[in-house]
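Each chain gets a letter, A, B and so on, in the order the sequences are listed, and its residues count up from 1.
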Amino acid sequence: MSIELQLIQGIQKAFKEVYTTDTPAVPVIEQTKKEFVGDYTFVVFPYLKLSKKNPEQTAGDIGEFLKKELNFVSGYNVIKGFLNIEIGDTFWIKFLNENYSNTHFGKAVLKKQKVMVEYSSPNTNKPLHLGHIRNNLLGYSVAEILAYSGYEVIKANLINDRGIHICKSMLAWMKFGNGETPQSSGMKGDHLVGKYYVEFDKAYKSEIEKLVSGGMDKERAENEASLIKEAKELLLKWEAGDEETLRIWKMMNGWVYEGFESTYKRLGVNFDKFYYESNTYLLGKKAVQEGLQQGAFYQKEDGSIWIDLTADGLDHKLLQRSDGTSVYITQDIGTAQMKYDEYKMDRSVYVVGNEQDYHFKVLQLILKHLGKSYADGVYHLSYGMVDLPSGKMKSREGTVVDADDLLDELHATSEKITKELGKTEGFTQEQLSELYEQIGQGALKYFLLKVDPKKRLLFDPKESIDFQGNTGPFVQYTYARISSVMRSAPAFGKVNETQSLLAEEKELIYALYRFEEAVELAAREMSPAIIANYAYELVKAYNKMYHELTIIKEADEQKRNLRLMLSGMTRNVVKTALGLLGIAAPEKM
RNA sequence: GGUCUCGUAGCUCAAUUGGAUAGAGCAUCUGACUACGGAUCAGAAGGUUUGGGGUUCGAAUCCCUACGAGACCGCCA
């Protein structure tokens, strides 16, 4: 049982025995702030009505009770209404003796719950940019965290492989492409298709401009332009199964998949299951028909199908166009059904940007209106956009930070810094290249994941990502440093539990102890940021101890063993934490 | 127009979900290698938590209000 839980139960017992009353809610225990003596703090203010005594007396009563009741409580102090509880060194050393060699420390027991995490979910009309990287890293990391905290996790990727946007790229390629392919142009497939998406937009805009200068109003011009009409026709042909259209569609999507695959591989993200909208949208259409028959939806005279969500505080929402083609949300209804049919998961997490908050509210409501049992398990993990100093990234306008370019840049930066520091003797060329990639990606991944997912994130391409301070490379460096210590360490084992700890040792053990609750909290909040910030606290505590105390050269065997155990355990936990973030832990750097 | 986010040191972020004197990193300044890795450590400086009001033992956190930033409300995805 965790120390917090024992303290909570002890406090409940204290109220029962000292004040003969129950606590109305579960008492809250928090970590004691650094400037005060103690490890855990209980705030008594909310309980004064129960104790009928002043804050100091109440805290004193409970402190005294806990000290007698729990053998690991070595003392306490009271400041105003704050009871600071001190945990004895014996407890901490025992904890270290028991866990120092456990490479799975912090891994929770199986919860017997299945959760699907859908992330990445790219459109096949443009290459990945920094915003997609945030999505990919978040999704991967959240999935890893959930798995470590005991859930059975399925990583899913829903490819948006159909729709009007794809038709735009296809049309532009058919009109202006002259048969260009990734092979003939030497371009990565996703970049090539993205190029035609931009070309479409350019040509479309200039056509609108012409129509407007010819006296047409803008809105009408947007609908009347021949290019958009052709694109819409192409979509209809696609839905009708036109052979030539499908052939080009398959070919161009194939180019994109190859491009994506290499980026996924490079980033180290993976998936258990791929879904394709082209396979699910018909199911969605079917669900729409069923909803229509059930009376959950209604049809207008022009044939379009809608749901009335005004009773839920929202608006009317279109589910199928008057021409019979499906819209974005239609396929989401189908995909949700397909996912559930296959996996029967307890929860279904969608890692999607907060610009789609409304969309997911609507989706969940639609599923409820359709009477789907799995509607309540739908959870939109809504994350903030990555903004540039100039504002939002826009693929069509070319103001994006391209994923592949950025990874190359960080690789180069990491190479430069590593060479300056000159600590890589004995590395082969291949190992060096791998190391630069690991460090560059460590910097990027940590940079993106240390921020609360819900918050928007600012990226300034002019300011390079740091490699010092609260960064990925700093955590990686500490890992490499400990690895170096362990390589030259003598054999060691458990120590006497009655010795006393120095402040630096104690702080480090306390940090290690908190890993379990960091994992639990990160899983509950679905926030890798909690793991990143934890890892930073941990390595800071280690570096401090490393600097203040000798380890291998310590003459006292008990002390030396203690510090070696601390080093070994820190190394394990750092590696695990980095792993949960998708960051590599190099042995040397 | 309606709905929803957000506003913390010059910059990028924390703050155990209502607790103590709001903490880190970067940048700036100062100090520490004949130590097991200096991508490190120690220190200085930097704040009316956007302004104003309220709720209570206690507010960056909850409520109201003003200002500022952003997103969504498409027969786009």
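- Among the heavy atoms of the strands lying under 4.0 Å from A:Gln356 is at least one base atom, whether or not backbone atoms are also near.
- Pair assignment for B:A59 gives none, since no Watson-Crick or G-U wobble pairing has each distance under 3.5 Å.
- Checking B:C75, B:A20, B:C13 against the side-chain heavy atoms of A:Leu457 singles out B:C13 as nearest.
- Base orientation for B:U61: anti, the chi torsion being more than 90° from 0.
- Aromatic stacking is not marked for A:Tyr477 over B:G37, as the cut-offs of 5.5 Å for the centres and 30° for the planes do not both hold.
- B:G70 and B:A32 are spaced 48 Å apart, taking the P atom of each and rounding to whole Å.
- Heavy atoms of A:Asp460 sit nowhere under 4.0 angstrom from any nucleic acid atom.
- Nucleic acid contact for A:Ala529: none, since no nucleic acid atom lies under 4.0 Å from a heavy atom of the residue.
- Side-chain proximity of A:Ser304 to B:C75, B:C72, B:A77: nearest is B:C75.
- When heavy atoms are screened at a 4.0 angstrom cut-off, A:Thr41 is found touching base atoms of the nucleic acid.
- Residue contacts shown for A:Met385 are absent, as no nucleic acid heavy atom lies under 4.0 Å away.
- Per the geometry, NZ belonging to A:Lys392 stands 11 Å off C1' belonging to B:A77, to the nearest Å.
- Considering only side-chain N and O atoms, A:Lys454 lies nowhere under 4.0 angstrom from the phosphate OP1 or OP2 of B:C6.
- A salt bridge is defined here as a Lys NZ or Arg NE, NH1 or NH2 lying under 4.0 Å from an Asp or Glu carboxylate O, and A:Glu233 with A:Lys229 fails to meet this definition.
- In this structure, the nucleotide among B:A77, B:C73, B:G37 sitting nearest to the side chain of A:Tyr546 is B:G37.
- Going from the C1' atom of B:U56 to that of B:G19 covers 12 Å, rounded to whole Å.
- Take the nearest nucleotide of RNA chain B for A:Asp323 and for A:Ile79: the residue whose nucleotide is more 5' is A:Ile79.
- The separation between A:His380 atom NE2 and B:C4 atom C1' is 13 Å, rounded to whole Å.
- Checked for salt-bridge contact, A:Glu207 and A:Lys202 miss the test: no charged N lies under 4.0 Å from a carboxylate O.
- If you check B:G1 for Watson-Crick or wobble pairing at under 3.5 angstrom, you find it paired to B:C73.
- Comparing B:C33 with B:A27, their C1' atoms sit 25 Å apart, to the nearest whole Å.
- Between the P atoms of B:A24 and B:A44, the separation comes to 10 Å (whole Å).
- Taking the centre of each ring, A:Phe515 and A:Tyr534 come in below the 6.0 Å mark.
- Counting only heavy atoms from C-beta on, A:Arg481 has its side chain closest to B:U40 among B:A14, B:U40, B:U21.
- Taking the ring centroids of A:Phe474 and A:Tyr536, they lie under the 6.0 Å cut-off.
- For A:Phe45 and B:A59, the CZ to P distance is 12 Å, given to the nearest whole Å.
- Side-chain atoms of A:Lys455 lie closest to B:G7 of the nucleotides B:G7, B:G19, B:G25.
- Rounded to whole Å, the distance from CG on A:Leu309 to P on B:G74 is 12 Å.
- Separation of the C1' atoms belonging to B:C64 and B:C26 is 38 Å when rounded to the nearest angstrom.
- Between the side chain of A:Asn84 and the base of B:A20, a donor-acceptor pair under 3.5 Å is found.
- Residue contacts for A:Ile164: at a heavy-atom cut-off of 4.0 Å it reaches the sugar-phosphate backbone alone, with no base atom in range.
- Residue A:Glu525 places its side chain closer to B:U17 than to any other of B:G37, B:C75, B:U17.
- The cationic group of A:Arg481 lies under 6.0 Å from the six-membered ring centre of A:Tyr546 and within 45° of the ring axis, placing it in a cation-pi geometry.
- For A:Gln331, the side-chain atoms get nearest to B:A77 when compared with the rest of B:A77, B:A14, B:A20.
- Annotation: of the two residues near RNA chain B, A:Asn543 and A:His359, the 5′-most nearest-nucleotide partner is A:Asn543.
- Within 4.0 Å (heavy atoms only), A:Asp466 reaches sugar-phosphate atoms of the nucleic acid but no base atom.
- Here the C1' atom of nucleotide B:A24 and the CD atom of A:Glu507 are 14 Å apart, to the nearest Å.
- OP1 or OP2 of B:A15 has not a single side-chain nitrogen or oxygen of A:Lys33 nearer than 4.0 Å.
- The separation between A:Lys544 atom NZ and B:G37 atom C1' is 20 Å, rounded to whole Å.
- Put simply, A:Phe36 rests on the base of B:A20: the two rings are less than 5.5 Å apart at their centres and nearly parallel, under 30°.
- A salt bridge does not link A:Glu548 to A:Lys544: none of the charged side-chain nitrogens sits closer than 4.0 Å to a carboxylate oxygen.
- Using a 4.0 Å heavy-atom cutoff across all strands shown, A:Ile29 reaches no nucleic acid atom at all.
- Phosphate proximity of B:A20 to A:Lys80: absent, as no side-chain N or O sits under 4.0 Å from OP1 or OP2.
- Pair assignment for B:U34: none, as no Watson-Crick or G-U wobble contacts are both less than 3.5 Å.
- Within the 4.0 angstrom heavy-atom criterion, base atoms lie near A:Leu549.
- Regarding contacts with the backbone of B:A69, every side-chain N or O of A:Arg456 stays at 4.0 angstrom or more from both OP1 and OP2.
- In this structure, A:Tyr536 does not pack face-to-face on the six-membered ring of B:A24, missing the 5.5 Å centre cutoff or the 30° plane limit.
- Checking B:C57, B:A77, B:C26 against the side-chain heavy atoms of A:Gln468 singles out B:C26 as nearest.
- B:C72 atom P lies 13 Å from atom OH of A:Tyr328, rounded to whole Å.
- Checking B:G37, B:U17, B:C41 against every side-chain atom of A:His547, the shortest atom distance belongs to B:C41.
- Comparing B:C4 with B:U40, their C1' atoms sit 45 Å apart, to the nearest whole Å.
- Between A:Tyr383 and A:Gly353, the shortest heavy-atom distance links the atoms CE2-N, 3.3 Å.
- Taking atom P in both B:G47 and B:G23, one finds a spacing of 13 Å when rounded to whole Å.
- In summary, of the residues considered (A:Phe82, A:Tyr510, A:Tyr513), a ring pair (Phe, Tyr, Trp, His ring centres under 6.0 Å) with A:Tyr40 occurs for A:Tyr510 alone.
- Under the Watson-Crick or G-U wobble criterion, with both distances below 3.5 Å, B:A27 is left unpaired in every strand shown.
- The side chain of A:Phe474 sits closest to B:U40 out of B:C26, B:A20, B:U40.
- Under 4.0 Å is where a charged nitrogen must lie from a carboxylate oxygen, and between A:Asp387 and A:Arg456 at least one such pair does.
- For B:A45, there is no paired base (Watson-Crick or G-U wobble, both distances below 3.5 Å).
- B:C13 atom P lies 18 Å from atom CD of A:Glu537, rounded to whole Å.
- No hydrogens or angles considered: a donor-acceptor pair under 3.5 Å links the side chains of A:Ser483 and A:Glu587.
- Taking atom P in both B:A69 and B:G74, one finds a spacing of 24 Å when rounded to whole Å.
- If you check B:C6 for Watson-Crick or wobble pairing at under 3.5 angstrom, you find it paired to B:G68.
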